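Reckoned from all heavy atoms, side chains included, excluding hydrogens, waters and symmetry mates. So that the names make sense, note that chain A is the first sequence line, chain B the second, and so on, each numbered from 1. Everything numeric here is computed off the predicted structure, so don't read it as measured data.
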Number of protein chains: 2
Amino acid sequence: MSKKNRPMTIGALAKAANIGVETIRYYQRRGLVTEPEKPFGSIRHYEEQALERLHFIRTAKWLGFSLDEIGGLLILQDGTHCDEARTLGEQKLTSVRQKILSLQRIERALDELVHECRVQQGSVYCPLITSLHDGLEKFSPEERP
Amino acid sequence: MSKKNRPMTIGALAKAANIGVETIRYYQRRGLVTEPEKPFGSIRHYEEQALERLHFIRTAKWLGFSLDEIGGLLILQDGTHCDEARTLGEQKLTSVRQKILSLQRIERALDELVHECRVQQGSVYCPLITSLHDGLEKFSPEERP
DNA sequence: GTTACCCCCGTAGTCAGCTACGGAATCAAG
DNA sequence: CTTGATTCCGTAGCTGACTACGGGGGTAAC
């Protein structure tokens, strides 16, 4: 039950990972993906490993890690640095949660304003605009970093 | 109960908003902050209003809005058409809600990983790292962008 | 074996969002 | 009135994450 480890060209790899060839080469330059040896005057071939690495990068990026941070995670790859990896994850988690809270406050504010606007239709003054004038202050005063 | 509206120089404004002078000027060029009239061959003075504007921009930026999007939000404050304002507000509301949902998915994924990491302490393999490897399939397979 | 596509590699451009530079004018302290 | 900090303004540079270009060479389908 082992997957075929058939090597592929950079184009095939890019297609398999659903990213651009140039992006892969950029990751190589950044040291996030290792460039395989070039067979005598020929074309490089990539193993399944490279595809997994690209998945790793894509997922970590989705989680909000920067390429530099991903580089940091890759160093921890041998699995023996769980503490450090967890710390990185916890930091990301904290900032994500802060963003969610702030967005929820904005959501409530916008929702209220839009709602008032609909009720008040036909009036000369736009409640949304007038409320925004000083109204946003009560929704996010000092919680702003 | 009205605050003193003492005007300040751009330097004082920058200090008050805790951002750089150059950044303010950049926002002016982008049309996010209006540049006050320059008194006869002299120095511009900024009102409290400008400071509030900068707070607004900073908050919205931290929440992940681009400067262009912030420009859109600011039209709500300067505009005179209720319909347009409401429409913009509704669009923003929709995108804010999408952002919240995305961040909540990210939060769940990170939270589970960090949790597994803590439970698994002492193991040879780090669950966070291995999950990144496997592409986080079990958390949110096809909803990843 | 020719043709069309793909790879290699370096360099350069893009986009967002700043950040810095530099020289002239202006203001504030002493 | 001098000195030293600010302001003004235009333009240029930087970071992060790509994306494109171009010329030369390999590969594979017919």
Side-chain angles (χ1 to χ4, degrees), chain A residues 6-47 50-51 53-74 92 95 144-145, chain B residues 6-47 50-51 53-74 95 99 144-145:
Chain A
R6 60 217 160 78
M8 36 191 163
T9 69
I10 196 173
L13 176 61
K15 200 160 289 181
N18 196 33
I19 66 179
V21 167
E22 297 302 327
T23 304
I24 293 175
R25 285 138 90 28
Y26 173 68
Y27 288 164
Q28 289 174 343
R29 265 174 268 141
R30 293 277 305 236
L32 298 180
V33 172
T34 55
E35 195 172 25
E37 286 305 310
K38 187 172 167 182
F40 288 125
S42 177
I43 281 181
R44 288 175 219 283
H45 289 283
Y46 295 80
E47 309 287 334
L51 183 55
R53 173 64 62 97
L54 289 176
H55 283 326
F56 184 102
I57 294 170
R58 175 150 111 298
T59 307
K61 229 163 56 64
W62 179 73
L63 287 175
F65 290 97
S66 72
L67 293 191
D68 274 355
E69 288 173 320
I70 292 171
L73 284 176
L74 286 172
K92 271 294 149 220
S95 84
R144 293 184 291 247
Chain B
R6 60 215 161 78
M8 36 191 163
T9 69
I10 196 173
L13 177 62
K15 200 160 289 180
N18 196 32
I19 66 179
V21 167
E22 298 302 327
T23 304
I24 293 175
R25 285 137 92 27
Y26 173 67
Y27 289 164
Q28 289 174 341
R29 266 175 266 140
R30 293 277 304 234
L32 298 180
V33 172
T34 54
E35 196 171 24
E37 286 303 311
K38 188 173 168 183
F40 288 127
S42 176
I43 280 181
R44 290 173 219 282
H45 289 284
Y46 296 80
E47 309 287 334
L51 183 56
R53 173 67 60 99
L54 290 175
H55 283 326
F56 182 91
I57 293 171
R58 178 147 113 294
T59 306
K61 216 166 62 64
W62 182 76
L63 290 174
F65 289 99
S66 71
L67 294 191
D68 275 353
E69 286 175 321
I70 292 171
L73 284 174
L74 288 173
S95 85
K99 278 179 201 211
R144 284 190 302 258

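Closest to the side chain of Thr9(A), out of dT19(C), dC6(C), dC8(D), is dC6(C). Distance from the side chain of Asp68(B) is smallest to dA16(C) among dA16(C), dT19(D), dC8(D). In this structure, of dT7(D), dA12(C), dT19(C), it is dT7(D) that holds the atom nearest to the side chain of Ile10(B). The side chain of Thr23(A) sits closest to dC18(D) out of dC18(D), dC18(C), dA17(D). Of the candidate nucleotides dT7(D), dC18(D), dC8(D), dC18(D) has the atom lying nearest to any side-chain atom of Leu67(A).
The two residues Gly11(B) and Val21(B) have their closest heavy-atom pair at CA-CG2, 4.0 Å. Minimum interatomic distance between Gly20(B) and Ala14(B) (heavy atoms only, all atoms of both residues): C-CB, 4.0 Å. Nearest heavy-atom pair across Pro7(A) and Glu47(A) is CB-OE2, 4.0 Å.
Heavy atoms of Glu35(B) sit under 4.0 angstrom from primed sugar atoms or phosphate atoms, though from no base atom. If you check every strand for non-hydrogen atoms under 4.0 Å, Gly20(B) touches nothing.
Listed pair Arg30(A) / dA17(D) meets the phosphate criterion, a side-chain N or O lying under 4.0 Å from OP1 or OP2. Using a 4.0 Å cut-off, no side-chain N or O of Tyr27(B) falls inside it from OP1 or OP2 of dG17(C).
Checked against salt bridge (Lys or Arg N to Asp or Glu O under 4.0 Å), Arg44(A) has the following partners two or more places apart in sequence or in another chain: Glu35(A). Taking the side-chain contact (heavy atoms from CB on, under 4.5 Å) definition, one finds that Glu69(B) meets it with Phe65(B), Ser66(B), Lys92(B), Lys99(B), sequence neighbours left out. A search for side-chain contact (heavy atoms from CB on, under 4.5 Å) contacts involving Ala12(B) returns Met8(B), Thr9(B), not counting sequence neighbours. For Asp68(B), the side chain to side chain donor-acceptor pair (under 3.5 Å) partners at least two apart in sequence or on another chain are Arg30(B). With sequence neighbours excluded, the residues that form a side-chain contact (heavy atoms from CB on, under 4.5 Å) with Tyr27(B) are Ile19(B), Thr23(B), Leu32(B), Val33(B), Leu54(B), Ile57(B), Lys61(B), Leu67(B).
Rounded to whole Å, the distance from OH on Tyr46(A) to P on dC6(C) is 16 Å. Between Arg58(A) atom CZ and dA17(D) atom P the separation is 17 Å, expressed in whole Å. Rounded to whole Å, atom P of dC7(C) lies 10 Å from atom NE2 of His45(A). Look at CD1 on Ile57(B): it is 17 Å from P on dA16(C), rounded to the nearest Å. Put simply, OH on Tyr26(B) is 8 Å from P on dA16(C), counting in whole angstrom units. Per the geometry, CZ belonging to Arg29(A) stands 13 Å off P belonging to dA20(D), to the nearest Å. Distance, Ile24(B) CD1 to dC8(D) C1': 14 Å, rounded to whole Å. Following rounding to the nearest Å, Ile19(B) (CD1) and dT19(C) (C1') show an atom-to-atom distance of 13 Å.
Where Lys61(B) and Val21(A) each meet DNA chain C at their nearest nucleotide, the meeting point lying more 5' is that of Val21(A).
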Task: B/S/- contact track for nucleotides 22-30 of chain D, protein heavy atom under 4.0 Å - done: ----SS---
